[in-house]
**Q** 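Structure below; questions to follow.
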Amino acid sequence: MSQFWKPGTERPRLVDDEEGGVLLYTTSSSSSSGFGYGSLEKQRQRLPVYKYKTAILYSVETHATTIIVGETGSGKTTQIPQYLKEAGWAEGGRMIACTQPRRLAVQELTRVKFLTDGVLLREMMDDPLLSKYSVIMVDEAHERSLSTDILLGLLKKIQRRRPELRIIISSATIEAKSMAAFFNTRRRREEEQGPTKEPAILSVEGRGFNVEIFYVDDPVSDYVRSAVSTVMSIHDQERMGDILVFLTGQDDIDTAIQLLTEEAQSSGKQGLVSVPLYSGLPRADQDLVFSPTPRGKRKVIFSTNIAETSLTLEGIVYVVDSGFSKQRFYNPISDIENLVVAPISKASARQRAGRAGRVRPGKCFRLYTEDYFSNEMSVVGIPEIQRSNLVSCVIQLKALGIDNILGFDWPASPSPESMIRALEVLYSLGVLDDDAKLTSPTGFQVAEIPLDPLISKMILASCEFGCSEEIITIAAVLSIQSIWIPVRGVQKQLDEAKLRFAAAEGDHVTFLNVYKGFIQSNKSSKWCHKNFINYHAMRKVIEVREQLKKITQRLGIGLKSCEGDIQTIKKAITAGFFANAARLEPFSHNGMYKTLRTSQEVYIHPSSVLFRVNPKFIVYHSLVSTDRQYMRNVITIDPSWLTEAAPHFYQKQLHSSFPQ
DNA sequence: GAGCACTGC
């Protein structure tokens, strides 16, 4: 492994601090306490990454791939693309790309493009070699999101065809070596021309302060209770400073806040302000997290993983880490994605602890034992690609002309079962042909629409059925987490509000009613409030719908309304979701259904307008599994539509399921 | 009568 630095500058340091204990954040001076005055240039020079400018540029010049190990706050994301531009990498009509797993609000430099991994993947559909870019920087690669992994695999391929392309991968310490191994394409005694193929690793320190770590002596049986009592003792014994508590979901968070309020009341403790934080929270409530803590008070933020990567909170001095988060797991045999509370990795634990050291030295209280951390916790989490349904991923690779999906060189390979399942689903949708090639035009069109292929297929079908106006609304609503406001204690009112829009045909049609009402109200937030509808979610529906409208126009498909012909709408939905059909068990007293495809026991989700209605045949949008398998968002269908929509899928194997 | 970590086009 090679490292380069310029004599006279500080030698780059390869951090290797995978052990627990005090985090090895190094911070050079008091300069980290803010920018003070001075020119913009001076400010840039004070960022930790500045010291490595020459080393980074030298490495990029001489290496095909450079891996930058950098802690948060080093300034790498904003500065490195700028250094590259100043060094001439954006000259001669070339550009620099910097990708993130999430959207980022950064200033757009000319000839430097900040974009998400997913968007860059989309760009490859028009420009497979990404030929307009001279350097591509993949930021936060250690998060191993689905799109990041696909992108890394493709970049490695592109590098073979474009030796002049430079890749920068910014990653946390723990992943750096495996990234380097993945991109090391150098063969022994190979005559090297141009940049060396062996990746360089550079390490840049962050701006964080030391965080002292504490563990519990014995395993805790109830992390919510334990988190609350830890908060109480921090409040008792530690100096002022806000507390961030990592829990797994809304339920945990609500319970914890209730417990804390009770305990503070019964013990007469004052000065604690609890704030919940999770993605489903209405915007106004989320903003409370950022409001300054009143003088003499201590803010306690109870958060999901959203505070681990997506949001940065200022003023946190104490972190309480439950050691758990909700994670998605996919079972290719049952074709079901589950959200499960699972132990986090050491990498996550480090990231969480680091949240305590942004303003001054902090403390992190881990609600698990040191022995557990050292001996049982996995070093890194399972990459998303090994925990997901791969239908979207496979169609994207197919669209990029990658035929041998099973032989693709991944940073981490998904299971063959998942890939085969994805191929089967795409085949049944008519997107792939017998040779596993994209069909024309359906396959290419579905690949062009950046949504779940089942949804894309539904949209294409709606054009034939003449109900695309309605279907793109439904597609937009389905891509939003929830349009209802999550409210505890006023469940009854929410249910009543829902009834105002409920359609006998099911949830999708109900969504259409909500959308119509929202438009008729002139997109009023008051109207949303009155009807327990999430205003921001509805704005988002409008936005996504506009995008879908543009995409359909680009595909040369006109929008058309079916003017209230609901049966047509349901047929279009069935054309995409025929595989998700279920039939009510005869004589079932508890609403048990069986899926037509695999005879799995499933139930209508209590949030559905068809809950307790239990029609004989239904099609569902997705399954969510807890103690039971629940079907979310269902519509009634006529079973004959299934054979109409997918004769190849149903005629052979399942005709015996149909009573009529 | 249950629950939804996150993200994107």
Side-chain angles (χ1 to χ4, degrees), chain A residues 99-104 115-125 140 143-148 150-151 246-255 277-281 303-311 322 324-329 337-342 344 348 352 381 384 387-388 392-393 395-396 399 446-453 455-456 459 475-476 479-488 491-492 494-495 498 534 537 540 543-551 554 590-591 603-613 622 624-633:
Chain A
T99 78
Q100 313 280 327
R102 288 167 293 280
R103 261 195 226 174
L104 200 66
L115 67 184
T116 61
D117 304 338
V119 174
L120 191 64
L121 283 175
R122 288 266 146 205
E123 283 193 3
M124 287 181 71
M125 287 172 66
E140 313 284 3
E143 284 185 28
R144 304 300 297 272
S145 78
L146 198 55
S147 322
T148 307
I150 302 172
L151 182 61
F246 282 103
L247 296 174
T248 63
Q250 187 182 343
D251 244 15
D252 278 2
I253 290 170
D254 289 344
T255 312
L277 178 61
Y278 47 87
S279 75
L281 212 58
S303 173
T304 61
N305 246 12
I306 192 170
E308 192 181 307
T309 48
S310 309
L311 276 179
S322 65
F324 290 97
S325 69
K326 275 197 186 163
Q327 291 161 37
R328 181 170 56 201
F329 287 93
E337 278 186 336
N338 284 342
L339 264 184
V340 195
V341 173
I344 61 168
S348 276
R352 288 180 173 191
E384 202 179 4
R387 298 185 280 115
S388 306
S392 298
C393 165
I395 196 172
Q396 256 182 326
V446 167
E448 190 79 22
I449 304 174
L451 295 171
D452 178 343
I455 302 249
S456 308
I459 293 175
S479 73
I480 301 297
Q481 275 185 33
S482 171
I483 56 168
W484 308 103
I485 289 184
V487 269
R488 227 184 201 202
Q491 194 57 51
K492 226 176 152 189
L494 175 61
D495 284 350
K498 247 185 219 180
N534 185 334
K540 185 92 188 158
E543 195 185 302
V544 172
R545 193 181 182 281
E546 280 307 307
Q547 284 170 0
L548 291 178
K549 207 167 155 179
K550 273 188 206 138
I551 290 166
R554 202 172 62 219
N590 59 349
Y603 298 82
I604 293 180
H605 196 278
S607 67
S608 169
V609 297
L610 293 183
F611 179 64
R612 287 215 185 101
V613 177
S622 61
V624 36
S625 70
T626 48
D627 50 331
R628 283 176 171 182
Q629 309 285 357
Y630 285 105
M631 302 175 278
R632 289 182 60 209
N633 299 327

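Within every chain, numbering begins at 1; the chains are lettered A, B, ... in the order of the sequence lines, protein sequences first and strands thereafter. All values derive from a computational prediction rather than experimental measurement. Values below: every heavy atom of this structure, side chains too, minus hydrogens, waters and symmetry copies.
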**Q** Select one nucleotide: of B:dA5, B:dG8, B:dA2, the one nearest the side-chain heavy atoms of A:Tyr630.
**A**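 Shortest atom-to-atom distance from the side chain points to B:dA2.
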**Q** Taking atom C1' of B:dC9 as reference, at what distance in whole Å does atom CD1 of A:Ile480 sit?
**A**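 Those two atoms, CD1 and C1', are 12 Å apart.
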**Q** A side-chain contact here means heavy atoms from C-beta on lying under 4.5 Å apart; do A:Ser607 and A:Lys498 qualify?
**A**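 Of all side-chain heavy-atom pairs linking A:Lys498 with A:Ser607, at least one is under 4.5 Å.
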**Q** Reckon A:Arg612 touches a base, only the sugar-phosphate, or nothing at all at heavy-atom distances under 4.0 Å?
**A**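 It contacts base atoms.
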**Q** Going by the rule side-chain contact (heavy atoms from CB on, under 4.5 Å), which residues pair with A:Ser392 if we only count those two or more places apart in sequence or in a different chain?
**A**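 Checked A:Ser392 against side-chain contact (heavy atoms from CB on, under 4.5 Å); matches are A:Pro453.
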**Q** A:Asp117 pairs by side chain to side chain contact (heavy atoms under 4.5 Å, CB included) with which of A:Ile150, A:Thr99, A:Leu146?
**A**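 Single pass found, and it is A:Thr99.
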**Q** Under the side-chain contact (heavy atoms from CB on, under 4.5 Å) test, which residues partner A:Ser348, sequence neighbours left out?
**A**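 In terms of side-chain contact (heavy atoms from CB on, under 4.5 Å), with neighbours along the sequence ignored, A:Ser348 is linked to A:Glu308, A:Ile344, A:Ser345.
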**Q** If each of A:Pro101 and A:Ser607 is mapped to the nucleotide of DNA chain B with the nearest heavy atom, which maps nearer the 5' terminus, i.e. the 5' end?
**A**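 Mapping each residue to its closest nucleotide by heavy atoms, the 5'-most match is A:Ser607.
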**Q** It should be established whether A:Arg632 places a side-chain nitrogen or oxygen under 4.0 Å from OP1 or OP2 of nucleotide B:dG3.
**A**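 For B:dG3, OP1/OP2 do not have a side-chain N/O of A:Arg632 under 4.0 Å.
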**Q** Which of the following nucleotides, B:dA2, B:dG8, B:dA5, is nearest to the side chain of A:Pro606?
**A**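 That would be B:dA2.
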**Q** With sugar-phosphate meaning primed atoms plus P, OP1 and OP2, does A:Arg122 contact a base, only sugar-phosphate, or nothing at under 4.0 Å between heavy atoms?
**A**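 It contacts nothing in the nucleic acid.
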**Q** Round to a whole Å and report the spacing from CD of A:Gln481 to C1' of B:dG8.
**A**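 Checked: the CD to C1' distance equals 12 Å.
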**Q** Whole angstroms only, please: what is the CD-P distance between A:Gln629 and B:dG3?
**A**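 Going from CD in A:Gln629 over to P in B:dG3 covers 11 Å.
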**Q** Please report the distance, rounded to the nearest Å, between CZ in A:Arg102 and C1' in B:dA5.
**A**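 To the nearest whole Å, that distance equals 12 Å.
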**Q** Which heavy atom of A:Ala307 sits nearest to which heavy atom of A:Leu277, and what is that distance?
**A**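 Closest pair (atom of A:Ala307, atom of A:Leu277, distance): CB-CD2, 4.3 Å.
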**Q** Determine the contact category for A:Leu339: base if any of its heavy atoms lies under 4.0 Å from a base atom, sugar-phosphate if only primed atoms, P, OP1 or OP2 are that close, otherwise nothing.
**A**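 Result for A:Leu339 = base.
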**Q** Can you figure out which of B:dC9, B:dA5, B:dC4 approaches the side chain of A:Gln547 most closely?
**A**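 Nearest to the side chain of A:Gln547 among the choices is B:dC9.
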**Q** So which nucleotide from B:dA5, B:dC4, B:dG8 ends up closest to the side chain of A:Val624?
**A**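 Nearest to the side chain of A:Val624 among the choices is B:dC4.
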**Q** What is the distance from CD1 of A:Ile150 to C1' of B:dG8, rounded to the nearest Å?
**A**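 Taking atom C1' of B:dG8 as the reference, CD1 of A:Ile150 is at 12 Å.
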**Q** In whole Å, what is the span from the CZ atom of A:Arg352 to the P atom of B:dA5?
**A**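 After rounding, the gap between these two atoms is 13 Å.
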**Q** Once hydrogens and angles are ignored, does a donor-acceptor distance under 3.5 Å link the base of B:dG3 to the side chain of A:Asp252?
**A**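 Side chain to base: no pair present.
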**Q** Looking at every strand, decide which applies to A:Ser325 at a 4.0 Å heavy-atom threshold: base, sugar-phosphate, or nothing.
**A**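 The answer is nothing, as A:Ser325 stays clear of every strand by at least 4.0 Å.
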**Q** When all nucleic acid strands are considered with a 4.0 Å heavy-atom cut-off, which category describes A:Asp495: base, sugar-phosphate, or nothing?
**A**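 Contact class for A:Asp495: base.
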**Q** Between P on B:dC4 and CG on A:Leu277, what's the gap in Å once rounded to a whole number?
**A**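 The answer, rounded to whole Å, is 18 Å.
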**Q** Which listed nucleotide (B:dA2, B:dG8, B:dG1) is nearest to the side chain of A:His605?
**A**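 Side chain of A:His605 sits closest to B:dA2.
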**Q** Within this structure, what is the CD1-to-C1' distance between A:Ile455 and B:dG8, rounded to whole angstrom?
**A**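 After rounding, the gap between these two atoms is 14 Å.
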**Q** Please answer whether the main-chain N or O of A:Arg328 pairs with a side-chain N or O of A:Arg387 as donor and acceptor at a distance below 3.5 Å.
**A**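 Side chain of A:Arg387 to backbone of A:Arg328: a pair is present.
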